[in-house]
Amino acid sequence: MRERGPKNQVGPRTLRILEAIGLGLCTKEIASILNISPKSVEHHRIVLCRLFGTDSAYLPRLAHLLNLAPVLPLLLLLCGCKTSTPAPIA
């Protein structure tokens, strides 16, 4: 059986899901990118809501406040996935 860390720690997968939420991706998109079930994504959303004491609607704002959203496009690029994030304005 896998050992669990303290309840107030966020694991790497939960962090990736928070990053994806910050980019505005829906549950099915996140599940597809991370190769997990949509039900797993929903579980991680619940974990995040409980951890931060917030509603799911505020998770994208939270990701931006924590400055996590800019990390995911790089991760997607490295794993060969395409992203629909807009190009920077020149």
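For the numbers below, each heavy atom of this structure counts, side chains included, while hydrogens, waters and symmetry mates do not.
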### Query
Is there a side chain to side chain contact (heavy atoms under 4.5 Å, CB included) between L25 and I21 once you walk through the steps?
CA-CA 5 Å; L25 299 176; I21 291 169; over 6 Å; no
### Query
Just wondering, more than 12 heavy atoms not from F52 lying within 6.0 Å of its CZ?
yes
### Query
Looking only at heavy atoms, what is the nearest atom pair of P60 and A57, with distance?
CD-O, 3.4 Å
### Task
Determine the minimum heavy-atom distance between P38 and A31, stating which atoms define it.
N-CB, 3.6 Å
### Query
Atom CG of L48 and atom CZ of R50: how far apart are they, to the nearest 0.5 Å?
11.5 Å
### Task
Please name the pair of heavy atoms, one in A20 and one in I30, separated by the smallest distance, quoted to 0.1 Å.
CB-CG1, 3.5 Å
### Task
Could you walk me through whether D55 and C49 pass the side chain to side chain contact (heavy atoms under 4.5 Å, CB included) test, one step at a time?
CA-CA 6 Å; D55 189 74; C49 288; 5.8 Å; no
### Query
Is there a side-chain contact between T27 and R45, using heavy atoms and a 4.5 Å cut-off?
yes
### Message
When you group the ILVMFWY residues by side-chain heavy-atom contacts below 4.5 Å and let the links chain together, are L18 and L51 in the same group?
### Response
yes
### Task
Go through the steps to decide whether K28 and V41 satisfy the test side chain to side chain contact (heavy atoms under 4.5 Å, CB included), and finish with yes or no.
CA-CA 8 Å; K28 287 183 182 180; V41 175; over 6 Å; no
### Task
Would you indicate whether the side-chain heavy atoms of H44 and L15 approach each other to under 4.5 Å?
no
#### Entry: side chain to side chain donor-acceptor pair (under 3.5 Å) contacts touching residues 29-38 (sequence neighbours left out)
S37-S40
### Message
I'd like to check I36 versus R13 (side-chain heavy atoms, cut-off strictly below 4.5 Å). Are they in contact?
### Response
yes
